[in-house]
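Shown next, in structure tokens, is the structure this report addresses.
Along the sequence shown, residues are numbered consecutively beginning with 1. All ligand and atom numbering here is 1-based and tracks the order in the structure.
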Amino acid sequence: MKSFKTIILAAGEGTRMKSKKPKVLHELFHVPMICHVIKAAQACDTEALCVVVGHKAEEVKNAIAEESISFVLQTQQLGTGHAVMQAMDFIEEDKNILILYGDTPLITKESLLDLLAFHEKENNSVSIVSAILENPEGYGHIIRDKNGNFLKNIEHKDASEQEKKVKEINTGIYCFKGSALKTALSKLTNHNAQGEYYLPDTLEIILQSGGTVNALVTTDASAFFGINSRVQLAEATAILQKRINQKHMENGVTIVSPETTWIDMEVSIGQDTILLPNTILEGNTSIGEDCTIGPNAKLTNMTIGNGVQLQSSTALHSSIGNHVIIGPFAYIRPDCHIADNVKVGDFVEVKNSTIGKGTKIPHLTYVGDTDAGEKINFGCGSITVNYDGNKKHRTTVEDNVFVGCNANLVAPVTIQKGSYIAAGSTITRDVPENVLAVARARQQTIEGWVKKH
Ligand code: UD1
Ligand code: CA
């Protein structure tokens with residue numbers, strides 16, 4: 001395929017979002033909508049990318065700054081044609097120019113490749129994507145002659161009653177020959193209902209000067225869905241959610257309740273893993289095979305091995321080995337490395353800690369800033385006391401230690417191999433190997449006390 005350059009229009013304000021944030025920076029699955037568009041163009045190996053910014057230009061530029069992307073400023077939003085004029089220097093006569101909108105995040109690599117292939121095959125001066133919509137209101141209508149040849153695009157506001165009924169609409173995605181686009185832009189006027197320079201008017205101009213124009217009718221109109229309001233943002237998010245979930249199911253993941261399962265674009269999931277309802281997988285998360293995740297799980301930037309069971313828990317920026325059991329109601333905070341066969345049970349919080357193979361932390365425990373070895377048992381209510389009110393300190397617990405219930409390990413402190421910490425102890429000094437450490441008041445029995453009182 002011939003190489004092409006891409007222009008993305010993103011200067012508009014997006015008033016219907018009713019937002020302080022520029023429309024194109026509103027997110028779907030934690031990615032600004034314009035970045036979905038950029039990704040699709042990059043996935044098709046666009047040679048160069050230029051974004052037309054205007055409203056809150058700096059904010060938009062900062063959000064998407066990438067070395068390979070150039071920007072041009074449209075100071076006044078005088079229409080889509082005027083926006084493309086600002087990128088005149090970017091347009092090369094002998095190159096194809098793909099034009100996209102920053103507010104159509106559902107665009108796919110496949111849909112763009114279809115247009116590019118159609119453009120090449122027909123050798124058109126300009127090719128556009130059209131769609132057949134039951135309710136074509138608000139769009140540009142595609143007018144054809146009785147042989148089906150393209151005649152022009154007429155904007156809804158400028159259309160006659162007859163034209164308004166035409167269900168074939170302009171999706172707003174174009175592929176131009178650079179030379180045709182340049183010439184047509186120089187002839188564009190703003191003599192229309194909105195007093196704007198309409199990009200689609202270039203189609204008629206090109207046709208009249210002897211060029212060829214045709215529209216590829218898409219079979220998947222959802223890919224070209226343009227977002228103008230938060231209601232449409234939610235609709236588009238739901239479409240993307242379906243697409244993502246479907247891909248995982250096709251790859252061998254069971255998703256019990258796709259409507260309540262939210263998986264970010266970059267997440268990977270192994271075969272035969274089951275996602276139960278209300279599971280949210282965010283960021284750069286990867287999950288192995290044969291896991292059961294959920295119900296009610298939220299994982300952010302997690303690496304998880306095979307055969308892990310995790311229910312009703314939150315885990316972030318950490319790694320978990322194989323055959324680990326997490327939850328219910330566990331909280332794995334950043335920088336934890338949890339080895340194979342560990343159990344982190346109910347109401348347990350772990351932070352910035354390494355937990356060795358086979359260690360059990362079954363319930364009601366806080367483990368923070370700790371290096372824990374293998375086959376340790378943390379009793380119910382045991383706590384690593386890592387904060388002295390000023391600084392954080394580390395705790396080391398070596399292999400095969402038994403930490404009794406309700407023990408405090410006051411850091412910095414080391415418990416050496418094989419030792420036992422008596423329940424209720426507050427340990428402030430290092431404990432050597434294979435001993436029992438008791439640090440609590442001795443129990444007394446006071447005879448006759450009850451009678452006296
Ligand atoms: C446009 C098309 C219409 C098509 C529809 C598909 C025109 C005149 N009409 O209408 O044929 O059916 O898209 O969704 O093009 N923008 C700028 N600068 C401007 C104006 C717009 O950068 O001066 C950007 C906007 O930020 C937006 C995109 O261009 O990303 C589309 O603009 P919008 O006003 O939404 O066009 P529509 O009225 O939807
Ligand atoms: Ca629009």
Side-chain angles (χ1 to χ4, degrees), residues 6-17 19 21-26 32-38 41 50-57 59-61 64 71-87 99-107 111 126 128-133 135-143 150 152-159 163-164 166-174 176 181 184-185 188-205 213 215 217-218 221-229 232-233 236:
T6 304
I7 299 173
I8 300 179
L9 306 190
E13 184 177 348
T15 34
R16 281 170 285 174
M17 293 301 281
S19 177
K21 189 154 81 173
K23 175 166 79 174
V24 294
L25 296 187
H26 282 262
M33 56 174 107
I34 189 168
C35 294
H36 288 273
V37 181
I38 291 170
C50 175
V51 179
V52 183
V53 289
H55 177 73
K56 298 205 171 165
E59 212 175 309
V60 176
K61 275 162 84 171
I64 61 183
F71 294 92
V72 294
L73 186 66
Q74 185 195 26
T75 40
Q76 266 187 301
Q77 279 70 64
L78 302 179
T80 48
H82 181 260
V84 178
M85 286 178 203
Q86 311 311 305
I99 298 195
L100 307 174
Y101 293 163
D103 62 358
T104 57
L106 299 183
I107 198 85
S111 54
V126 52
I128 70 164
V129 180
S130 67
I132 311 294
L133 294 190
N135 176 15
E137 199 181 324
Y139 289 93
H141 301 267
I142 303 298
I143 309 302
F150 182 95
K152 64 172 180 177
N153 170 94
I154 182 88
E155 288 302 297
H156 197 77
K157 285 183 180 146
D158 299 289
E163 289 166 331
K164 280 181 179 158
V166 174
K167 289 187 172 151
E168 183 179 5
I169 60 93
N170 172 15
T171 62
I173 308 287
Y174 312 77
F176 285 92
L181 176 58
L185 285 176
L188 210 53
T189 64
N190 61 353
H191 306 146
N192 51 52
Q194 302 188 81
E196 286 184 2
Y197 295 90
Y198 291 162
L199 181 62
D201 283 356
T202 58
L203 304 175
E204 205 181 345
I205 294 172
V213 182
V217 186
T218 181
S222 77
F224 305 94
F225 186 24
I227 293 174
N228 296 315
S229 66
Q232 290 175 329
L233 179 63

Do K23 side-chain atoms and M33 backbone N/O form a donor-acceptor pair below 3.5 Å?
no

Ligand 1 atoms nearer than 4.0 angstrom to some heavy atom of T171 are 6 (C), 14 (O)

Pairs of nitrogen or oxygen atoms closer than 3.5 Å, one from G12 and one from ligand 1: do any exist?
yes

Short question: side chain of S130, backbone of E168 - any donor-acceptor pair under 3.5 Å?
no

Please state which part of P200 comes within less than 4.0 Å of ligand 1, counting heavy atoms only: side chain, backbone, both or neither.
side chain

Kindly say whether V129 contributes a backbone atom to a donor-acceptor pair with the side chain of T171 at under 3.5 angstrom?
yes

Residues in side chain to side chain donor-acceptor pair (under 3.5 Å) contact with T104, at least two apart in sequence or another chain
none

Of all residues at least two apart in sequence or in a different chain, which pass the side chain to side chain donor-acceptor pair (under 3.5 Å) check with S222?
D220

D158 side chain vs A193 backbone, donor-acceptor pair below 3.5 Å:
yes

Examine the side chains of Y174 and N170 and answer whether a donor and an acceptor come within less than 3.5 Å of each other.
yes

For atom 21 (C) of ligand 1, which of the options T80, V52, V37 provides the nearest non-hydrogen atom?
T80

Check this for me - ligand 1, A83, N or O atoms closer than 3.5 angstrom, yes or no?
no

For ligand 1, find out whether one of its N or O atoms is nearer than 3.5 Å to an N or O atom of A11.
yes

Option of least heavy-atom distance to atom 18 (N) of ligand 1 (set: H55, Q74, Q77)
Q74

Distance-only side-chain donor-acceptor flag, Q77 / H55, under 3.5 Å
no

Please confirm whether E155 comes within less than 3.5 Å of ligand 1 when only nitrogen or oxygen atoms on both sides are compared.
yes

Proximal atoms of ligand 1 relative to G140 (non-hydrogen, under 4.0 Å)
3 (C), 4 (C), 11 (O), 12 (O)

Is ligand 1 less than 4.0 angstrom away from at least one heavy atom of L78?
yes

Side chain or backbone, does N170 bring an N or O within less than 3.5 Å of an N or O on ligand 1?
yes

For ligand 1, is there an atom lying under 4.0 Å from some heavy atom of G79?
yes

